[in-house]
Amino acid sequence: MTTAAGWVEIDTGAIAHNLDLVRTHLGEGVALCAVLKADAYGHGVDLVAPVLVARRVERLGITGNVEARAVRDAGFTGRLLRLRPALADEILDGAAYDIEEWLGGREHAEAVTDAASRLGRPVRVHVSLNSTGLSRDGIPVDTGVGRATIASLAGRTGLDIVGVAAHFPREDAVDVERGAAVFGRESAVAIELLGNRRLDRHCATTYAALSVPASRFDMVRIGAALYGDSPLLDGALRPAMRVLSRVAALNDYAAGGTAGYDRAYTLQRDARLAVIPVGYADGYHRALGQRAEVLIGGRRAPVVDRLAMNTLLVDVSDLPRTRVGDEVVLYGTQGGDAITSADIERVSGQIAADLYTAWGRLLPRRAVEVTVRTASIG
Ligand SMILES: *Cc1c(COP(=O)(O)O)cnc(C)c1O
């Protein structure tokens, strides 16, 4: 039983299923780094990490030290990679968790080296290259200054270089193919500049790894697929999150009136409106107001108002069996229907992760394990 007005359900069985599916698809020969940044995309490192540890995942990707500590507490003993440049203080504070750092350019190399000297030992790093043109933290390999920067890293005693990385700016097959080809060439140049060591090369995310095999190199960094937020693999990935509430109140109002803030919704007919006790302060973004739908009794009903801080209004005139206390699904499946990431993206104009990472962190979470009977996957 939950006493919260809105909550998030995490299906740990779906996480396990998605991991197995991705591993089977990738086969041997490519390492998988499961990405748990942003508290496992809002799914909770505390809920997700044990699933991955039990399935012997050997590499995890994080951003903050809080996630690093949580995965070590969950018994993870494998390699831990930070997926963005860290602040020098973060490197020091995270030293106990044995994190491989993401080296984000020349100035950042100074900060990492400085942290290493304060720690009194080298810091393991992956050097970010700008081969894909993300121009966020990668070192350009196509300029003399960039190549000199890379060469200069080799001599720094504070840096133990273990990998070269890149990150794609766009989920587009042609763009990824082109970027992967450039990364292939430039990572070879970088490795030579670094003294021809045996380094891990990696650039692929879920989209790249599952749609452009040539982008996989030695390792892939998989987030979205793990949580079932990807239509790839023929829709066989299962969304692991549901966002739920209940009908708190039901009222009938006459045609011609308006409902909610700004008088934004005019009742075209006598209507029955349901109050759902979740609003924008719970991460249900105002961009969804008057555009999204929810599920009640397995059927869709429209969100009609512009949302309040902790409530929203749904027109249930066409669902006459609705009662106070009925379960409401704001994201995920109910009965035979689902509010999908694609639905959320279409109505909000935002990527779904922008919203569900907030839902997962603002609403209380609970783990469930849904058993789904599916045809065996060939
Ligand atoms: C978030 C992230 C990933 C994972 O991306 P998905 O599309 O969720 O699989 C991989 N690499 C980096 C650097 C990231 O920031």
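Both ligands and their constituent atoms are indexed starting at 1 by order of listing.
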Pairs under 3.5 angstrom only: tabulate donor-acceptor contacts from the side chains of residues 158-175 to other protein residues two or more places apart or in another chain.
unit_1: His167; atom_1: ND1; unit_2: Arg221; atom_2: NH2; d: 3.2
unit_1: Asp172; atom_1: OD2; unit_2: Val174; atom_2: N; d: 3.2
unit_1: Asp172; atom_1: OD2; unit_2: Asp175; atom_2: N; d: 2.9

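- Inter-residue side-chain proximity for His285 and Ser348 is flagged as unmet; no heavy-atom pair is nearer than 4.5 Å.
- Looking at Val123, Asp114, Ile99 one by one, the single match for side-chain contact (heavy atoms from CB on, under 4.5 Å) with Ile91 turns out to be Val123.
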Check against side-chain hydrogen bond (donor to acceptor under 3.5 Å, both in side chains), Asp229 and Tyr356: CA-CA 10 Å; Asp229 180 22; Tyr356 67 68; 2.7 Å; yes
Identify all pairs of nitrogen or oxygen atoms, one from ligand 1 and one from the protein, separated by less than 3.5 Å, and list them with distances.
unit_1: ligand 1; atom_1: 8 (O); unit_2: Tyr41; atom_2: OH; d: 2.5
unit_1: ligand 1; atom_1: 8 (O); unit_2: Ala224; atom_2: N; d: 2.8
unit_1: ligand 1; atom_1: 9 (O); unit_2: Thr206; atom_2: N; d: 2.9
unit_1: ligand 1; atom_1: 9 (O); unit_2: Thr206; atom_2: OG1; d: 2.6
unit_1: ligand 1; atom_1: 9 (O); unit_2: Gly223; atom_2: N; d: 2.8
unit_1: ligand 1; atom_1: 9 (O); unit_2: Ala224; atom_2: N; d: 3.3
unit_1: ligand 1; atom_1: 11 (N); unit_2: Arg221; atom_2: NE; d: 2.8
unit_1: ligand 1; atom_1: 11 (N); unit_2: Arg221; atom_2: NH2; d: 3.3
unit_1: ligand 1; atom_1: 15 (O); unit_2: Lys37; atom_2: NZ; d: 2.6

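- By the rule that hydrophobic residues join a cluster once side-chain heavy atoms approach within less than 4.5 Å of another member, Val347 and Ile339 end up as members of one cluster.
- Defined by atom type and a distance below 3.5 Å, a donor-acceptor pair is missing between the side-chain atoms of Ser341 and Glu345.
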